[in-house]
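The block underneath contains the structure these notes are about, expressed in structure tokens.
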Amino acid sequence: MSKFCITTPIYYVNDKPHVGHAYTTIAADVLARYHRLKGEDVFFLTGTDEHGLKILQNAEKAGQTPQAFCDENADAFIKLWESLNISYDNFIRTTDPVHEEAVKKAVITLNSKDLIYVGKYEGLYCVGCEQYKTTKELVDGKCSDHQKEPILLQEDCYFFKLSAFQDILLKLIDSNELIIDPLERRNEILGFLKTEKLEDISITRKKVKWGIKFPLDEEQTIYVWIDAFLNYLTGLGWQGDKEISKFWPADVQLMAKDILRVHATIWPAMLLALDMPLPKKIFAHGYFTFEGQKMSKSLGNVIDPIELINLFGADASRYLIVSACPFGQDGDISKNKLYDRYNSDLANNFGNLISRVFRLAERVEKFDFTPAEIFKEFIDKSWQDYHRAMKALALEDAVNIWVNLLNYINKNIETTKPWALKGESFNYTIYQLLLAIKNAALMVYPFMPEKCDSILKSLGLNLREKADNMAIIGSEDVKQKSSFDLTPSAPILRSEASIFESSEIKKPQSLPALFPRV
RNA sequence: CGCGGGGUAGAGCAGCUGGCAGCUCGUCAGGCCCAUAACCUGAAGGUCGGCGGUUCGAGUCCGCCCCCCGCAACCA
């Protein structure tokens with residue numbers, strides 16, 4: 001059985017989850033669910049990054065121990081993922097003792113390869129904040145919180161020889177042994193590696209007490225890089241030695257574009273240093289603006305995913321966020337756009353389609369199995385296009401293909417006018433429509449699992465119980481198309497059968513409006 | 001000359017390897033009556049940022065220019 005491993009970054013528990021976190025995670029979930037439907041052995045990893053000065057400071061501010069602070073904030077992520085039906089297989093936290101031990105072992109391994117050395121970290125230090133500032137954080141050369149110029153400060157710390165990996169990284173990315181997607185981001189990384197010199201990075205901090213103790217020097221804690229990146233291995237059960245999960249290397253590592261560069265340099269360099277395989281693909285998606293403006297806390301226009309769920313429900317929120325723009329590019333969200341899209345795609349098109357067909361189906365007297373004929377060609381083509389889109393991570397294309405299928409079905413209803421038919425031809429037509437709806441529901445299931453589940457249930461297919469590792473929608477390779485037999489007792493994979501011939505459905509139970517207009 | 005992305009109908013966007021300019025929403029006119037005032041059909045509306053070039057033919061390739069937006073390493 002082929003496997004599929006997908007990761008999101010681990011999110012910094014410094015703050016509440018916002019729509020950006022939700023975007024990455026929903027996209028990962030859509031892909032995980034899609035691959036499960038295809039019958040692959042899937043592992044979907046997400047989690048939280050919990051060390052560092054900011055956590056310590058905020059915990060103090062809140063009058064909590066750092067661990068209690070992390071527990072509370074990690075819980076906010078877990079809760080949000082629950083309410084969005086995120087089907088992760090593991091939620092890794094960097095304060096997990098197993099993770100910490102593995103990270104320490106990794107440091108020792110790196111040291112044994114002579115890739116760590118003592119040096120001086122130099123930076124602009126704000127005495128008021130008690131921390132180093134980047135030039136970007138400064139306003140007119142001053143700390144924005146304290147209105148004071150930071151002082152140049154040095155401290156001893158340990159470095160990782162990242163510079164040693166420049167040529168090999170360039171070669172691996174250039175040859176697509178390490179795929180970076182989308183193309184424009186890949187170009188950016190290649191340009192960077194060709195023109196700039198990769199510098200060694202400091203991997204410890206002396207002043208930061210909330211972190212994993214650096215095994216070579218107990219005075220120091222491990223800084224974010226080694227700690228956070230290794231979650232991708234420890235989250236799969238790695239304990240710091242040679243043995244590694246069957247799921248590694250990851251097939252796709254998703255992230256927002258802001259952290260692509262470090263994922264395309266520091267992270268693969270670490271893997272190379274540890275003699276571990278590199279991820280197959282690193283994919284960076286874009287940023288959202290809200291009504292044309294950059295989302296930021298100071299502008300107060302950050303979208304709270306919980307608010308979104310309250311407005312549209314979990315399924316529709318997932319759908320709306322993921323289909324807001326081409327995956328990989330920046331996009332803009334606005335309340336109006338969300339309402340528009342919800343009403344046109346989900347209420348008027350999908351929801352209404354189900355209502356009208358299910359109502360007609362109530363009149364069916366005899367419900368015999370008939371193979372799909374009317375829609376076969378179009379549905380077949382749609383699945384092919386859909387698989388191609390999903391493979392390319394073009395989530396918005398997959399959604400568009402689905403919408404086109406809905407349009408096609410709606411048009412067909414106008415021309416066949418089933419409400420005017422009687423007897424056999426009526427029964428037959430409705431059966432065909434239900435079959436088409438079943439395909440549509442399966443197609444969009446990865447995006448909207450809850451609603452689709454209820455649609456499929458009412459058509460006699462209990463997907464939930466076997467949604468894991470069930471070859472239900474076949475492969476993008478037409479020759480290997482799997483069974484489409486959705487009856488509860490169906491065998492897992494019947495590669496010979498056409499997805500339509502073996503398909504069978506029950507007369508639907510009527511449903512309340514799935515997507516009421518808003 | 002730092003790197004990258006973008007400028008296409010009233011609004012928001014698609015348009016890989018060049019071949020009669022598309023989608024969603026909105027507007028207008030019709031149809032249908034199974035359905036969530038929904039669905040279907042048709043119409044109006046664009047000199048595809050500007051200038052030049054390659055080509056039988058260019059949003060689509062090349063050059064220059066203008067404007068917008070990200071990134072520019074310790075921000076996860």
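These numbers come from the heavy atoms of this one structure, side chains and all, not from hydrogens, waters or symmetry mates. Chain letters run A, B, ... following the sequence lines, proteins first, then strands; residues in each count from 1.
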Using a 6.0 Å distance limit plus a 45 degree cone around the ring axis, check whether A:K54 lies over the aromatic ring of A:Y12.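 Judged by the rule (NZ or CZ under 6.0 Å from the ring centre, within 45° of its axis), A:K54 is not positioned above A:Y12.
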
Note: contacts of residues 264-272 of chain A with RNA chain B (heavy atom, under 4.0 Å) are none

Whether the A:D217 and A:Y158 side chains hold a donor-acceptor pair (N or O, under 3.5 Å, no angle test) is what I'd like checked. yes

Establish, from distance only, whether the side-chain atoms of A:W267 and A:Q253 form a donor-acceptor pair under 3.5 Å. yes

Sorted by chain and number, sequence neighbours left out, side chain to side chain donor-acceptor pair (under 3.5 Å) with A:S202 holds for A:R205

Test side chain to side chain donor-acceptor pair (under 3.5 Å) applied to A:Q329 - qualifying residues, sequence neighbours left out: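 Expected list: none.
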
Let me confirm one number: the CZ-CD1 distance from A:F77 to A:I10, rounded to the nearest 0.5 Å. 11.0 Å

From NZ (A:K438) to CE (A:M443), nearest 0.5 Å: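 CE of A:M443 is found 13.5 Å from NZ of A:K438.
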
With nearest nucleotide decided by heavy atoms, which residue, A:L360 or A:F159, maps closer to the 5′ end of RNA chain B?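 In this pair, the answer is A:L360.
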
So which atom in A:F159 and which in A:K120 form the shortest heavy-atom distance, rounded to 0.1 Å? CZ-O, 3.5 Å

Nearest heavy-atom approach of A:V322 to A:I26 is CG2-CG2, 3.3 Å

Looking at the side chain of [X], which of [options] is the nearest nucleotide?
X: A:E184; options: B:rC40, B:rC25, B:rG4; result: B:rG4
X: A:K257; options: B:rC33, B:rG70, B:rU36; result: B:rG70
X: A:S355; options: B:rU36, B:rC33, B:rU24; result: B:rU36
X: A:E188; options: B:rU36, B:rU24, B:rG4; result: B:rG4

Pick from A:T204, A:I201, A:L110, A:I266: which one makes a side chain to side chain contact (heavy atoms under 4.5 Å, CB included) with A:I226? A:L110

Could you check whether [X] gets within reach of a base, just the sugar-phosphate, or nothing at all, counting any heavy atom under 4.0 Å?
X: A:A347; answer: base
X: A:F229; answer: base
X: A:N187; answer: nothing
X: A:P516; answer: base
X: A:G191; answer: nothing
X: A:I10; answer: sugar-phosphate

A:K194 has an atom NZ; how far is it from atom P of B:rG2, in whole Å?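 The answer, rounded to whole Å, is 19 Å.
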
Rounded to whole Å, the CZ-P distance (A:R261 to B:rG2) equals 16 Å

Base contacts versus sugar-phosphate-only contacts with protein, heavy atoms under 4.0 Å: please encode nucleotides 6-18 of chain B as B, S and - from 5' to 3'. ------S-S----

Report the residues that fulfil salt bridge (Lys or Arg N to Asp or Glu O under 4.0 Å) with A:D96, sequence neighbours left out, ordered by chain and then residue number. none

Quick one: does A:Y342's side chain have a donor or acceptor within less than 3.5 Å of a partner on A:P516's backbone? yes

Treating a pair as Watson-Crick (purine N1 to pyrimidine N3 plus N6-O4 or O6-N4) or G-U wobble (N1-O2 and O6-N3) with both distances under 3.5 Å, list the stems of 3 or more consecutive pairs that involve RNA chain B.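 RNA chain B stems, ordered by first number: B:2-7 with B:66-71, B:10-13 with B:22-25, B:27-31 with B:39-43, B:49-53 with B:61-65.
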
Is there a side-chain contact between A:K411 and the phosphate of B:rC39, meaning an N or O under 4.0 Å from OP1 or OP2? no

Hey, is B:rG59 sitting syn or anti, using the within-90° cutoff around 0?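 Base orientation relative to the sugar is syn.
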
